[in-house]
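All remarks here apply to the structure that follows.
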Amino acid sequence: MTAQPKRPAFGTLLTSHMAVAAYQDGRWSPSEIKPVALIELSPAAHVLHYASTCFEGFKAFRRPGAVHIFRMDRHIERMRQSARQLVLPEPDPQQLADMVRAVINRCRDAVPEAPGALYLRPILFGTTANIGAAATPAAEATLIVLASPVWDYFSGGMKPLRILVDDENTRSAAQMGMVKTGGNYAAALGPTLRARAQYQVDQVLFCPAGQVQETGAANFVLIRSGELLTRNLDTTFLHGVTRDSLLTLARDRGYKVSELPFDV
Ligand SMILES: Cc1ncc(COP(=O)(O)O)c(C=O)c1O
């Protein structure tokens, strides 16, 4: 058996280039492809004080003769929804799609063979320099599309995860769960690390008052013969594109799909 080459941990390797656009005076600048490098930001930037930031994550796969992007339109729509919720300038969907394609085209050689993929990571953040803007949205913002060749998400490879069912904590503020913003991940980190140390689990399933929401980085679906159960879409958790895809496939295959609130 040949030994598998050691792969970089998920997200630690970036491609050579990124796409950048700036929002100023009420409109987006044309986007540019630039070498990945440090960015300049005022220490008074809105994002550093008031967390005006959201992001997306999705993959492009190498196929014979082409690179296919998995449901980019849904991810762009979710990013625009996050931006609206955070009162950030909404990325133009066509421009953002073009930025993603431009990065892939520039870095086509960096798209790994399956089962690897190129992970795309658009980020949007408020750059207005004003430390007194807690109740004022950022009027200026930057949109960057990063790309990262990835292999296994879980460093331990394909094995079942141990999950702590936490029936007290909530992953994020109830109205913010559907927003893909750094603050939600920061909020889930403490409980996740404590659970990891105390119970040797990989992840926490947040179920405040016993009501199942999601884990720190994934939706939760129960599957048994011919039947699939998951929480109905509301503001408390991220509306996963994988979840939507899975439900669509399940319905196509005749599964009974139930989307409703349920407890532990
Ligand atoms: C909190 C959270 N829930 C769910 C998901 C799954 O989302 P998707 O299926 O769109 O990748 C993610 C993905 O990163 C996530 O961070």
Side-chain angles (χ1 to χ4, degrees), residues 9-12 51 53-61 68-86 91 93 96-97 100 115-124 145-148 150-155 158 161 163-166 169-193 195-196 201-208 211-223 228-251 257 259 261-262:
F10 190 101
T12 57
T53 174
C54 58
F55 65 100
E56 266 305 322
F58 52 97
K59 285 177 177 171
F61 298 90
H68 293 199
I69 311 172
F70 183 68
R71 303 194 76 181
M72 173 166 66
D73 55 337
R74 295 294 291 249
H75 288 279
I76 288 178
E77 229 7 85
R78 191 168 69 187
M79 181 130 185
R80 283 161 52 80
Q81 175 191 283
S82 294
R84 278 196 297 280
Q85 205 70 23
L86 296 165
L96 180 49
V100 170
L118 190 69
Y119 181 73
L120 283 317
R121 170 56 68 83
I123 51 169
L124 170 66
V145 177
L146 295 173
S148 170
V150 294
W151 289 269
D152 284 332
Y153 182 72
F154 295 106
S155 53
M158 285 285 266
L161 299 180
I163 308 264
L164 175 73
V165 176
D166 177 339
N169 287 303
T170 179
R171 175 184 162 253
S172 64
Q175 74 278 17
M176 294 301 286
M178 66 194 287
V179 180
K180 198 162 173 71
T181 185
N184 287 348
Y185 295 84
L189 191 56
T192 305
L193 292 185
R196 207 171 277 170
V201 295
D202 299 291
Q203 273 288 342
V204 172
L205 179 62
F206 292 97
C207 309
Q211 293 295 309
V212 175
Q213 288 182 332
E214 65 176 333
T215 73
N219 292 143
F220 185 77
V221 177
L222 287 169
I223 304 176
L228 191 152
L229 171 64
T230 194
R231 188 187 176 102
N232 57 302
L233 294 179
D234 62 18
T235 63
T236 65
F237 70 98
L238 194 73
H239 300 178
V241 179
T242 312
R243 172 190 179 282
D244 178 74
S245 308
L246 198 61
L247 265 54
T248 303
L249 290 172
R251 285 194 181 99
V257 173
E259 292 181 77
F262 61 99

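FYI, the numbering just counts along the sequence from 1. Here the structure is a predicted model, which is why all the values come from computation and not from measurement. Order of listing sets the numbers, starting from 1, for every ligand and every atom in it.
The existence of a salt bridge linking R80 and E77 is confirmed by a sub-4.0 Å separation between a basic side-chain nitrogen and an acidic carboxylate oxygen. Ion pair D202/R196 not flagged as a salt bridge, since none of the NZ, NE, NH1 or NH2 atoms sits closer than 4.0 Å to an Asp/Glu carboxylate oxygen. Under the 4.0 Å criterion applied to side-chain N and carboxylate O atoms, R78 and E56 are assigned as salt-bridge partners.
Ranking the protein heavy atoms by distance from atom 12 (C) of ligand 1 puts A217 O, 3.3 Å first.
Interface of K180 with ligand 1, defined as ligand atoms under 4.0 Å from a residue heavy atom, comprises 13 (C), 14 (O), 15 (C), 16 (O). Residue H75 approaches ligand 1 through these ligand atoms, each under 4.0 Å from one of its heavy atoms: 10 (O). Every atom of ligand 1 is numbered from 1 in the order shown, and the set under 4.0 Å from a heavy atom of E214 is 1 (C), 2 (C), 3 (N), 4 (C). Heavy-atom proximity to G240, at under 4.0 Å, picks out these atoms of ligand 1: 7 (O), 8 (P), 9 (O), 10 (O). For ligand 1, the atoms lying closer than 4.0 Å to a non-hydrogen atom of R78 are 7 (O), 8 (P), 10 (O). Interface atoms of ligand 1 facing R171, defined by a heavy-atom separation under 4.0 Å, are 1 (C).
Contact annotation: the side chain of N184 approaches that of M176 to within less than 4.5 Å [non-hydrogen atoms, C-beta and beyond].
For V241, a nitrogen or oxygen atom sits less than 3.5 Å from a nitrogen or oxygen atom of ligand 1, counting backbone and side chain alike. The distance criterion of under 3.5 Å between nitrogen or oxygen atoms is not met by H239 with respect to ligand 1. Ligand 1 has a nitrogen or oxygen under 3.5 angstrom from a nitrogen or oxygen of T242. For Y185, a nitrogen or oxygen atom sits less than 3.5 Å from a nitrogen or oxygen atom of ligand 1, counting backbone and side chain alike.
Within the structure, ligand 1 has G216 among the residues with a heavy atom less than 4.0 angstrom away. Using a 4.0 Å heavy-atom cutoff, R74 is absent from the residues neighbouring ligand 1.
Atom CE of M72 is separated from atom CG of L120 by 8.0 Å, given to the nearest 0.5 angstrom.
Closest approach of G11 to S148, counting heavy atoms only: CA-OG, 3.7 Å. A pairwise comparison of heavy atoms in P261 and Q211 identifies CB-OE1, 3.8 Å as the closest pair.
Here F206 and F237 keep their ring centres 6.0 angstrom or further from each other.
Formation of a donor-acceptor pair under 3.5 Å by the E259 side chain with backbone atoms of L229 is not found in this model.
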